[in-house]
Amino acid sequence: MSETISFFGKSFIKYILSEQIDTEIGRLAAEISEEYRNDDPILLITLNGAIIFAVDLLKRLDFPCRISCVKVSSYCGTESTGSVKGLIGLNEDVRGHRVLILEDIVDTGRTYQHLHRMLTDAGARDIRIATLTLKPDAYKNDLPVHYVGFRIPNKFVIGRGLDIDGYGRNLNDIYQLATSNEQ
Ligand code: IMP
């Protein structure tokens, strides 16, 4: 695998190695297993991005749980459109249950806030989030982000589920958008 990769004329530089990602997911899985062991939670996978993180994490969880896949979208290209669209596919009754949202990335936190509101309205007992990556400098939300794999700068990244207009999700490492003097 090369150190740089291009999509749509933009260069991305290898940033977090697959081995580091696997180690962090192992750490998160241990923490999450400890927290939810006796609670029969519902794990909410936000499609499409979280699917790869979710598969890697779920294999390492050692407690009984159910999963539900939902679809939310707020981005177009490399810049936020600023609006969160609807939520499709919540097919488990979350009333009275603990819910753990799985995300590939939390950026401004708008998607998380939106999901949190919908799950609260649906009667979830407790709502937490586990995300592979968080951009603390972009985060504009008061809700706590409970489980974080990597805190990253406010730069666009792809790989491990993260995409640029649909591409890059299947990269095993995470790549960061190169600034003009790095290209
Ligand atoms: P938020 O609602 O601003 O937290 O953004 C969450 C969504 O924006 C994620 O689920 C991604 O789809 C997208 N997003 C934010 N930053 C990035 C990035 O660096 N790479 C790819 N997608 C991103």
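Computed over heavy atoms, backbone and side chain alike; hydrogens, waters and symmetry mates excluded. Every number for a ligand or one of its atoms is a count from 1 in the order of the listing.
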Under 4.0 Å, counting heavy atoms only: does [X] come that close to any atom of ligand 1?
| X | result |
| --- | --- |
| Gly49 | no |
| Ile158 | no |
| Asp104 | yes |
| Phe156 | yes |

Taking only heavy atoms of [X] into account, list the atoms of ligand 1 that are under 4.0 Å away from them.
| X | answer |
| --- | --- |
| Lys135 | 16 (N), 17 (C), 18 (C), 19 (O) |
| Thr111 | 1 (P), 2 (O), 5 (O), 6 (C) |
| Asp163 | 21 (C) |
| Thr108 | 1 (P), 2 (O), 3 (O), 4 (O) |

Residue pair [X] / [Y], side-chain heavy-atom distance below 4.5 Å:
| X | Y | value |
| --- | --- | --- |
| Ile129 | Val148 | no |
| Phe12 | Ile164 | yes |
| Ile152 | Ile105 | yes |

Out of Gln113, Glu103, Arg169, who gets a non-hydrogen atom closest to atom 10 (O) of ligand 1?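 Minimum heavy-atom distance to atom 10 (O) of ligand 1 goes to Glu103.
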Apply the side chain to side chain contact (heavy atoms under 4.5 Å, CB included) test between Arg160 and each candidate in Ile25, Asn170, Ile16; give the one that qualifies.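 Single pass found, and it is Ile25.
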Quick one: which residue pairs count as a side chain to side chain donor-acceptor pair (under 3.5 Å) with a foot in residues 144-153, not counting sequence neighbours?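 Passing the test, one end in residues 144-153: Arg128-Tyr147.
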Co-membership, hydrophobic cluster, residues Leu100 and Ile67, 4.5 Å side-chain: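 Yes; Ile67 is reachable from Leu100 via cluster members.
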Excluding sequence neighbours, so at least two apart, what forms salt bridge (Lys or Arg N to Asp or Glu O under 4.0 Å) with Asp62?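 Salt bridge (Lys or Arg N to Asp or Glu O under 4.0 Å) check on Asp62 returns Arg37.
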